[in-house]
Amino acid sequence: MTAYDIIIRPVITERAMAGAADKKYVFEVAKDAGKIEIKKAVEEIFDVKVAAVNTVSMHGKLKRMGAGRQGMTKDWKKAYVTLTADSKTIEFFEGMV
């Protein structure tokens with residue numbers, strides 16, 4: 001499993017962007033990825049130093065699929081990544097704040 005298989009996408013929400021000023025970033029990650037794997041993947045992709053990783057399993061929501069039928073969005077995993085104080089920031093999030 002490569003680093004790009006573990007980190008699926010960044011989460012771009014108002015709440016997630018508020019943490020970017022404090023070097024806290026949010027990513028959607030593979031459901032079977034552990035905290036150590038997520039830490040190594042973020043350090044490899046963005047060339048930063050990670051201080052802590054917290055994960056949350058998000059459950060899918062009920063959604064309507066056409067005329068009254070119900071479906072579900074997929075379950076996914078979210079990782080909150082905190083960088084060390086001496087680490088550089090992730091440039092991807094710079095223009096978003």
Side-chain angles (χ1 to χ4, degrees):
M1 190 177 250
T2 67
Y4 292 97
D5 292 333
I6 295 171
I7 306 297
I8 297 172
R9 68 179 180 91
V11 176
I12 309 296
T13 61
E14 190 172 346
R15 185 175 178 188
M17 291 297 102
D22 301 327
K23 295 188 179 181
K24 294 179 182 178
Y25 303 98
V26 185
F27 296 97
E28 179 180 343
V29 296
K31 281 171 51 173
D32 58 343
K35 291 182 180 184
I36 296 169
E37 294 172 312
I38 294 167
K39 177 181 177 178
K40 288 179 182 174
V42 170
E43 287 176 346
E44 180 184 327
I45 293 171
F46 299 106
D47 193 31
V48 293
K49 290 182 183 177
V50 175
V53 177
N54 296 321
T55 58
V56 181
S57 292
M58 305 298 290
H59 297 289
K61 297 179 181 178
L62 280 172
K63 294 287 184 179
R64 284 189 45 196
M65 304 289 182
R69 289 193 206 90
Q70 286 201 337
M72 291 281 290
T73 59
K74 65 178 182 154
D75 294 341
W76 56 290
K77 191 172 190 177
K78 180 164 49 172
Y80 293 92
V81 177
T82 305
L83 304 182
T84 59
D86 61 338
S87 176
K88 66 176 187 168
T89 59
I90 297 177
E91 289 85 14
F92 180 81
F93 292 92
E94 297 272 323
M96 306 268 184
V97 180

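We count residues from 1, following the sequence as given. In this text the structure is predicted, and so the values were computed from the model without any measurement.
- Residues K35 and T55 come closest through the heavy atom pair CE-OG1, 3.9 Å.
- The NZ atom of K40 lies 9.5 Å from the CD1 atom of I6; values are rounded to the nearest 0.5 Å.
- Atom NZ of K77 is surrounded by more than 12 heavy atoms from other residues, nucleotides or ligands within 6.0 Å.
- Considering all non-hydrogen atoms of both residues, W76 and K74 come closest at CD1-O, 3.5 Å.
- With hydrogens and angles ignored, the 3.5 Å screen pairs no side-chain donor or acceptor of D22 with any backbone N or O of G19.
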- Query: Between V81 and V26, is a side-chain contact (heavy atoms from CB on, under 4.5 Å) present by the stated rule, with each step listed?
  - Reply: CA-CA 6 Å; V81 177; V26 185; over 6 Å; no

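- Residues M72 and M58 fall into different hydrophobic clusters, defined by Ile, Leu, Val, Met, Phe, Trp and Tyr side chains chained together at heavy-atom separations under 4.5 Å.
- For the atom pair CZ of R64 and CD of Q70, the computed distance is 8.5 Å after rounding to the nearest 0.5 Å.
- To the nearest 0.5 Å, atom CD1 of residue I45 and atom CZ of residue F27 are 8.0 Å apart.
- To the nearest 0.5 Å, atom OG1 of residue T82 and atom NZ of residue K39 are 11.5 Å apart.
- Heavy atoms of other residues, nucleotides or ligands lying less than 6.0 angstrom from CZ of R15 number 12 at most.
- A donor-acceptor pair is defined here as one N or O able to donate and one able to accept, closer than 3.5 Å; no such pair exists between the side chain of K24 and the backbone of Y80.
- Taking both residues in full, the closest heavy atoms of K49 and D86 are given as NZ-OD2, 4.0 Å, listed atom of the first, atom of the second, then distance.
- Expressed to the nearest 0.5 Å, how far CD1 of I8 lies from NZ of K31 amounts to 10.0 Å.
- A side-chain donor-acceptor contact under 3.5 Å links T73 to the backbone of K61.
- Nearest heavy atom pair, residue K88 against residue F46, reads CE-O, 3.7 Å.
- Here the closest heavy-atom approach between residue M17 and residue V11 is recorded as CE-O, 4.0 Å.
- The same ILVMFWY cluster, assembled from side-chain heavy atoms under 4.5 Å apart, contains both I38 and M1.
- For L62, the CG atom is densely surrounded, since the number of other residues' heavy atoms within 6.0 Å is greater than 12.
- To the nearest 0.5 angstrom, K23 atom NZ is 7.0 Å from T89 atom OG1.
- Residues I36 and V53 fall into different hydrophobic clusters, defined by Ile, Leu, Val, Met, Phe, Trp and Tyr side chains chained together at heavy-atom separations under 4.5 Å.
- Between A30 and D5, the shortest heavy-atom contact is CB-O, 3.8 Å.
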